[in-house]
Amino acid sequence: MNTLATELNSQLEGTVALRLLSGLGKRLYFPKGIIAQSGEAKKFAHKANATIGMAYDGGRPLILSTIAEGMPTLSAVEAVTYAPTAGVETARQAWKDGMLKKNPSLEGSKISLPVVVPGLTAGISYIADLFLEEGNEILVSDPCWDNYGLIFADRRGATVTEIPFFASGPGLDLEGIKKAVQQQAKKGSLRIILNFPNNPSGYSPTKTEAEALINMIKEIAEAGTDVLVITDDAYFGLAYEPDIYPESLFARLATLHERVLAVKIDGPTKEDYVWGLRMGFVTFGSAGMNEGHYDALIKKLMGTIRSSVSCSNTPAQYLMLKTMNDSRSEEEKARFREILHKRYQLVKTLVHTHANHPVLQALPFNSGYFMSFRCKGVSPETLRQNLLKEHGIGTIALGNQYLRIAFSSVEAEHIPFAYETIFKVAEELGNR
């Protein structure tokens, strides 16, 4: 094992993070090579910095006219320079400040400075590198985003166990979730990812449900189990009902117990409607960790970034900073949220009028971009193919049970036609 990795492991001694690290996670380190030496040179090489593979003239990076004209609000530095491996410092701090504002429960909490990653998917994958390997098990919701299986099982060789999150009631099956969590805890550790608003169901916990989820994690930690809980907050903030828990669960989990390592994965791609910028953040929080521990863990995260993409997109980070500092942004985002809210209300009304449909049973939904149906007696793929090829309606079939509809991408005037067609075709197929 590299001596730098050994040093980082020593810094993490006694923490839940070290106990949960995968073999790869223990081997990872941030090399004192080109990137580290270049970072040092930025501070001290005042006469000539000959460390980084970039070209400058007159103190500015060389930039093609088409690039400069296409990004008129960005300087050459903002548009084409390499970003630090962990991200532009001002972008990291700005995101943390925003996180504290959106999650008041974090006030006074000792959490890490967020690390920039090239999209939330990459962030989840990097955390899997650090904490998952063959022989580990991770709990996910049923239904869940289909990429979890590819990341956790196919890439890392871990076992993915799906917990049915919804029974026949209006919300989460808390008893079923607690039973699954307790069973997993008996195996020595618990790794779980919580995705709210959930993709594909479009559900977020109520205030009561959130407290129950937090308490079940706390009870397991107090009983002596190490817990890794990842909050996949891709759609954070898109809540459409007043009883939804208003913060990320990370805000409470980050200081819950010294045996709990909470990892928040979020970013502007959905929150700020900038999907193609491919930019996310990874933040760590644990009651048993201090700044030195976070520094060591971040360096391991930087090791997996450095060994894959090297660094994240620079223009995306500066564009995000500009949107955060622009007085128009909050008003525009409020308007965008209202557009989605109106579409949600339309869908909610249509689903309610078909509550007793013989084929399609809507899963609880109250937030985000999506809602899903559980299909009874009809294959979701058969329904999807018919809707697409016979009626020109695109949906997503997930496994052998679920059909997901992204109402976020259907304009309001088309929603009634789309849903009435879905209900009609599903019933026709069920009667064959």
Side-chain angles (χ1 to χ4, degrees), residues 1-2 4-29 117 121-165 176-195 216-217 219-232 253 256-265 282 284 286 288-289 293 296-305 307-308 399:
M1 186 180 294
N2 187 282
L4 292 175
T6 302
E7 289 174 12
L8 294 176
N9 294 340
S10 296
Q11 286 179 247
L12 288 167
E13 194 66 46
T15 68
V16 61
L18 181 64
R19 295 192 296 271
L20 288 168
L21 282 175
S22 64
L24 174 60
K26 289 176 181 175
R27 295 193 302 273
L28 280 169
Y29 61 94
V117 291
T121 302
I124 294 169
S125 185
Y126 294 151
I127 293 304
D129 284 347
L130 286 174
F131 296 107
L132 282 172
E133 60 190 345
E134 193 170 343
N136 293 149
E137 188 171 355
I138 184 166
L139 304 185
V140 304
S141 64
D142 174 17
C144 71
W145 183 42
D146 60 355
N147 211 7
Y148 287 159
L150 190 61
I151 294 169
F152 300 139
D154 299 306
R155 284 193 76 256
R156 297 298 300 140
T159 299
V160 175
T161 299
E162 296 185 358
I163 311 171
F165 262 38
I177 296 170
K178 186 172 185 178
K179 182 178 178 182
V181 163
Q182 289 175 335
Q183 287 177 341
Q184 184 61 32
K186 292 176 183 177
K187 300 179 183 180
S189 63
L190 170 66
R191 291 168 173 82
I192 185 170
I193 186 164
L194 298 173
N195 169 219
M216 71 175 68
I217 297 294
E219 288 172 8
I220 286 166
E222 288 176 338
T225 299
D226 289 331
V227 180
L228 172 71
V229 55
I230 305 166
T231 61
D232 176 356
L253 295 168
L256 191 65
H257 194 277
E258 63 181 13
R259 285 190 173 273
V260 176
L261 174 61
V263 184
K264 179 173 171 60
I265 299 176
V282 174
F284 298 106
S286 177
M289 295 179 66
H293 296 139
L297 196 52
I298 284 173
K299 280 189 170 65
K300 285 186 172 287
L301 176 58
M302 289 167 66
T304 191
I305 296 170
S307 62
S308 55

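Atom set for the values below is all heavy atoms of this structure, side chains included, hydrogens, waters and symmetry mates excluded. All figures in this text were calculated on a predicted structure; none of them were measured in a lab.
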Decide yes or no for [X] and [Y]: does some side-chain heavy atom of the first lie under 4.5 Å from some side-chain heavy atom of the second?
X: Asp142; Y: Ile163; value: no
X: Leu12; Y: Thr15; value: yes
X: Leu297; Y: Met289; value: yes
X: Asp129; Y: Arg156; value: yes
X: Phe165; Y: Asn195; value: no
X: Ile127; Y: Ile230; value: yes
X: Leu261; Y: Ser286; value: yes
X: Leu18; Y: Asn9; value: yes

Table please: side-chain donor-acceptor pairs of residues 145-154 below 3.5 Å, with sequence neighbours left out.
residue : atom : partner : partner atom : Å
Tyr148  : OH   : Asp232  : OD2          : 2.5

Exercise for review: Go through the steps to decide whether Tyr126 and Ser308 satisfy the test side-chain hydrogen bond (donor to acceptor under 3.5 Å, both in side chains), and finish with yes or no.
Suggested key: CA-CA 10 Å; Tyr126 294 151; Ser308 55; 2.9 Å; yes
Review point. Can you tell me how far the NZ atom of Lys186 sits from the OG1 atom of Thr225, to the nearest 0.5 Å?
Key: 11.0 Å
Review point. Rounded to the nearest 0.5 Å, how far apart are OG of Ser189 and CG of Leu228?
Key: 9.0 Å
Check your understanding: Under a 4.0 Å N-O cut-off, is there an ion pair linking Glu219 with Lys178?
Key -> yes
Practice item. For the pair Glu137 and Arg191, find out whether any cationic side-chain nitrogen is under 4.0 Å from an anionic carboxylate oxygen. Key: no
Check your understanding: Do you know which of Leu28, Val282, Leu20, Leu24 makes side-chain contact (heavy atoms from CB on, under 4.5 Å) with Leu130?
Key -> Leu28
Check your understanding: Among Leu190, Leu256, Val181, Leu194, which residue meets the side-chain contact (heavy atoms from CB on, under 4.5 Å) test with Val229?
Key -> Leu194
Review point. What pairs of residues pass the salt bridge (charged side-chain N to carboxylate O under 4.0 Å, His left out) test when at least one of them lies in residues 4-29, not counting sequence neighbours?
Key: Arg19-Asp226
Exercise for review: Dump the intermediate steps for side-chain contact (heavy atoms from CB on, under 4.5 Å) on Thr231 and Leu253, then the final yes or no.
Suggested key: CA-CA 9 Å; Thr231 61; Leu253 295 168; 4.1 Å; yes
Exercise for review: Heavy atoms only: give me the nearest Val260-Ala221 pair and the separation to one decimal.
Suggested key: CG2-CB, 3.6 Å
Review point. Nearest heavy-atom pair of Val263 and Phe284: which atoms, and what distance?
Key: CG2-CD2, 3.8 Å
Exercise for review: Might you confirm whether atom CD of Glu134 has over 12 heavy atoms from other residues, nucleotides or ligands at distances under 6.0 Å?
Suggested key: no
Practice item. Give a yes or no on whether the backbone of His293 and the side-chain of Gln11 come within a donor-acceptor separation of less than 3.5 Å. Key: no
Exercise for review: Look only at the side chain of Lys300 and the backbone of Gly25, and say whether a donor-acceptor pair between them is shorter than 3.5 Å.
Suggested key: yes
Practice item. Could I get the full list of side-chain hydrogen bond (donor to acceptor under 3.5 Å, both in side chains) partners for Ser125, not counting sequence neighbours? Key: Arg155
Practice item. Under the side-chain contact (heavy atoms from CB on, under 4.5 Å) rule, what do Ile193 and Leu139 come out as? Steps first, then yes or no, please. Key: CA-CA 6 Å; Ile193 186 164; Leu139 304 185; over 6 Å; no
